[in-house]
Amino acid sequence: MAQAVGGLLEIPDSQRLLAGLSALFGGASQYAITGSTAIGLHRIHCGLQPHRSPADLDLVVSAEGWANLQEVDEATASTLGFHAIGTQRSGMTYRSSVEAAKTIAIDLIVAGKSPAGGGLENADSNHEGLNLVGTDVLLNNLALRKLASSPQSQKIELDTAALLEVSQHQQRGGSSSGGS
């Protein structure tokens, strides 16, 4: 699954990215991938093609993981390839160690602090130890964004259609990847 993450985000050292996230948050169980990256990974798990390239990496982080992150000094984070952006590290970037690789923006959502912060408590960990927010929670998040009249409605429609295709594939007996 790390290879799928690297392919979606177009970074060659996805193992380093995922190991770094685990180090920053105090373990892989302290965060789950959400947003368009999670949708793409659910699609790959079902044998479907990703619907689009994600613009960033969205993570839902537990309160404990958030507290762990706040204790990490900038020098340590930097050696792992991460740099804080925003106040209190509401987001960060990851720079691949591979020369000429792109920088990935990472948005952090503390679990339970916003409508988009759901899904960590029953994230699907059936992905080689990688936690993905389940398809039903992702669909709920998209519905909430649509109701909020987001200017990104075309992306919301595309993401919704991509998730519905995953659900249909699962109902027909394809690989299960993400109930709640």
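Here the structure is a predicted model, which means the values were calculated and not measured.
Among all heavy-atom pairs drawn from Leu138 and Gly35, the shortest one is CD2-N, 3.6 Å. The shortest heavy-atom contact between Ala105 and Asp56 is O-CB, 3.2 Å. Across all their heavy atoms, Trp66 and Val61 have their closest contact at N-CG1, 3.4 Å. Nearest heavy atoms, Phe25 versus Met92: CZ-CE, 3.9 Å. For the residue pair Leu8 and Arg52, the shortest heavy atom distance occurs at CD2-O, 4.2 Å. Looking at every heavy atom in both residues, Ala162 comes nearest to Arg43 through O-NH1, 3.0 Å.
Counting heavy atoms from C-beta outward, Leu57 and Asp107 have side chains that stay 4.5 Å or more apart. Looking at His45 and Leu41, their side chains never come closer than 4.5 Å, going by heavy atoms from C-beta outward. Put simply, the side chain of Asp58 does not reach to within 4.5 Å of the side chain of Ile106, judged on heavy atoms. In this structure, the side chains of Thr160 and Ile156 come closer than 4.5 Å at one or more pairs of heavy atoms. At least one side-chain heavy atom of Pro50 sits under 4.5 Å from a side-chain heavy atom of Ile44.
Judged purely by atom type and a 3.5 angstrom limit, Ser78 has no side-chain atom pairing as donor or acceptor with the backbone of Glu74. For the pair Lys102 (side chain) and Arg95 (backbone), a donor-acceptor distance under 3.5 Å is absent. At least one donor-acceptor pair closer than 3.5 Å links the side chain of Asp73 to the backbone N or O of Thr76. No donor-acceptor distance shorter than 3.5 angstrom exists from the side chain of Thr34 to the backbone of Leu59, with no hydrogens or angles considered. Not one N or O on the side chain of Asn131 forms a donor-acceptor pair closer than 3.5 Å with the backbone of Ala32.
Transitive grouping of hydrophobic side chains (ILVMFWY, heavy atoms separated by less than 4.5 Å) keeps Val133 and Leu158 in distinct clusters. Under the 4.5 Å side-chain contact rule for hydrophobic residues, Leu139 and Val137 share a cluster. Hydrophobic clustering of Ile, Leu, Val, Met, Phe, Trp and Tyr side chains at less than 4.5 Å, counting indirect connections, unites Leu80 with Leu108. Clustering ILVMFWY residues whenever any of their side-chain heavy atoms sit less than 4.5 angstrom apart, transitively, puts Leu164 in the very cluster that holds Leu142. One hydrophobic cluster holds both Ile11 and Met1 under the rule that ILVMFWY side chains link at heavy-atom gaps under 4.5 Å.
Rounding to the nearest 0.5 angstrom, the gap separating the CD atom in Gln70 from the CG atom in Leu24 is 10.5 Å. Between atom CZ of residue Arg16 and atom CG of residue Leu21 there is a gap of 11.0 Å, rounded to the nearest 0.5 Å. Here the straight-line distance linking atom CD of Gln49 with atom CD of Glu165 works out to 10.5 Å at 0.5 Å rounding. The CG atom of Leu69 lies 10.5 Å from the OG atom of Ser62; values are rounded to the nearest 0.5 Å. Rounding to the nearest 0.5 Å gives a distance of 10.0 Å between NZ of Lys155 and NE2 of His51. Note that CG of Leu132 and CD1 of Ile33 are 5.5 Å apart. Values are rounded to the nearest 0.5 Å.
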Query raised in the report: Taking it one step at a time, do Leu130 and Leu18 satisfy side-chain contact (heavy atoms from CB on, under 4.5 Å)?
Result: CA-CA 9 Å; Leu130 189 63; Leu18 297 174; 3.8 Å; yes
